[in-house]
Amino acid sequence: MGLSKARAHTNIALIKYWGKANQKLILPATSSISMTLAAFYTDTQVEFDDSLAADSFTLDGELQSAKAAARVSAFVDLVRERAGMHTFAHIASVNHVPTAAGLASSASAFAALAVAASDAAGLKLTPTELSRLARRGSGSASRSIFGDMVIWHRGTDDKSSYAEPLAMNPQLDLRMIAVVVDDMPKSIGSRVGMQRTVATSPYFPAWVTANEAAAREMQTALTAGDMPTVGALTERSAMMMHASTMAANPPFTYLQPVSLALFNFAAELRATGLQVYATADAGPNVKLLTTAQDAAAVLQQVQAKFNVKAVMSGPGPAARIID
Ligand code: 2P0
């Protein structure tokens with residue numbers, strides 16, 4: 001029975017995941033496509049210890065309450081069940097994300113936990129099995145098992161819903177710029193926001209149909225190395241997702257005025273010849289998809305126009321065991 005430490009990187013979806021077909025198994029209503037980011041990651045160490053009477057969980061060196069640790073323990077229960085063991089564990093996570101970048105994510109957290117906990121329990125899981133396991137912690141974590149460009153097939157059951165690497169034209173040298181417009185905690189968590197959208201938004205069925213089509217178009221554009229189409233599909237998937245929340249009952253939005261100003265600014269920069277496209281998740285921060293060639297100019301222009309912090313990243317590697 002051992003000690004294992006793993007590193008997993010965050011990811012940002014170009015084609016979004018929004019809404020579940022099955023809450024318990026975390027089966028998504030639509031497939032999604034994301035880019036794993038080199039700059040932001042979580043390191044998690046798991047040590048099973050026969051002397052423990054309960055799991056202990058520290059985050060960035062601070063011991064978390066039993067309540068905060070409940071979701072982590074429930075996930076480790078899945079690993080224990082599979083390994084046929086009952087031993088509790090010390091779990092220690094450290095997020096390597098620039099302060100207040102709005103990027104600390106359950107994706108890197110549960111991907112790192114899946115890799116470390118299964119390894120410490122002596123399970124030898126394939127990457128596909130790890131993706132399915134990570135999915136049970138947080139949907140987007142299924143994608144952080146893999147590096148570079150990743151597709152999460154929505155599937156129809158536990159077995160068929162997993163992520164895998166997506167072939168991409170090597171000419172596409174992508175960069176992601178995370179623009180921090182607001183580091184306050186979000187008002188509606190993504191879990192609750194998804195549930196409300198699924199249950200009440202008349203746009204939800206349209207979102208599912210259109211986003212699934214966008215996922216297929218995105219695969220074609222990535223293979224072709226067609227940056228304008230990759231970018232246009234990225235913006236459209238984000239806007240369709242946010243439109244679905246605006247039509248929920250009661251309606252809500254994660255976007256703030258400055259978020260929309262950044263979407264408009266991306267269009268202005270495109271008019272000057274730069275390749276840059278905006279996306280946003282369950283919060284007001286905007287992420288700009290651009291190319292290695294244009295990234296420095298985009299970063300400079302955004303910081304000149306807006307009083308914001310921005311951090312750039314290239315594509316990152318798959319989740320893995322580290323020393
Ligand atoms: C995504 N998001 O594709 C979408 C876009 C937020 C907006 O995945 O309930 O933390 O744990 O499966 O993965 C955030 O949701 O949700 C998310 P659960 P998760 O990146």
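Start at 1 and go down the list; that is how both ligands and their atoms are numbered.
The aromatic rings of Phe265 and Phe306 lie perpendicular to each other, with more than 60° between the two planes, well past the 30° mark.
One finds no salt bridge joining Glu217 and Arg236 here, because no Lys/Arg side-chain nitrogen approaches an Asp/Glu carboxylate oxygen to under 4.0 Å.
With hydrogens and angles ignored, the 3.5 Å screen pairs a side-chain donor or acceptor of Ser259 with a backbone N or O of Gln256.
Judged as a ring pair (Phe, Tyr, Trp, His ring centres under 6.0 Å), and not counting sequence neighbours, Tyr277 has no contacts.
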Exercise for review: Decide side chain to side chain contact (heavy atoms under 4.5 Å, CB included) for Phe57 and Ser93; before the verdict, give the C-alpha distance in whole Å, the side-chain angles of both, and the deciding distance to 0.1 Å.
Suggested key: CA-CA 8 Å; Phe57 174 46; Ser93 267; 4.0 Å; yes

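Partner of Lys16 under the side-chain hydrogen bond (donor to acceptor under 3.5 Å, both in side chains) criterion, out of Asn211, Thr30, Thr279: Thr279 alone.
Near ligand 1, heavy-atom contacts under 4.0 Å come from Ala13, Lys16, Tyr17, Trp18, Lys20, Ile26, Arg71, Ser106, Ser138, Gly139, Ser140, Arg143, Ser190, Arg191, Met194, Met241, Asp281, Ala282.
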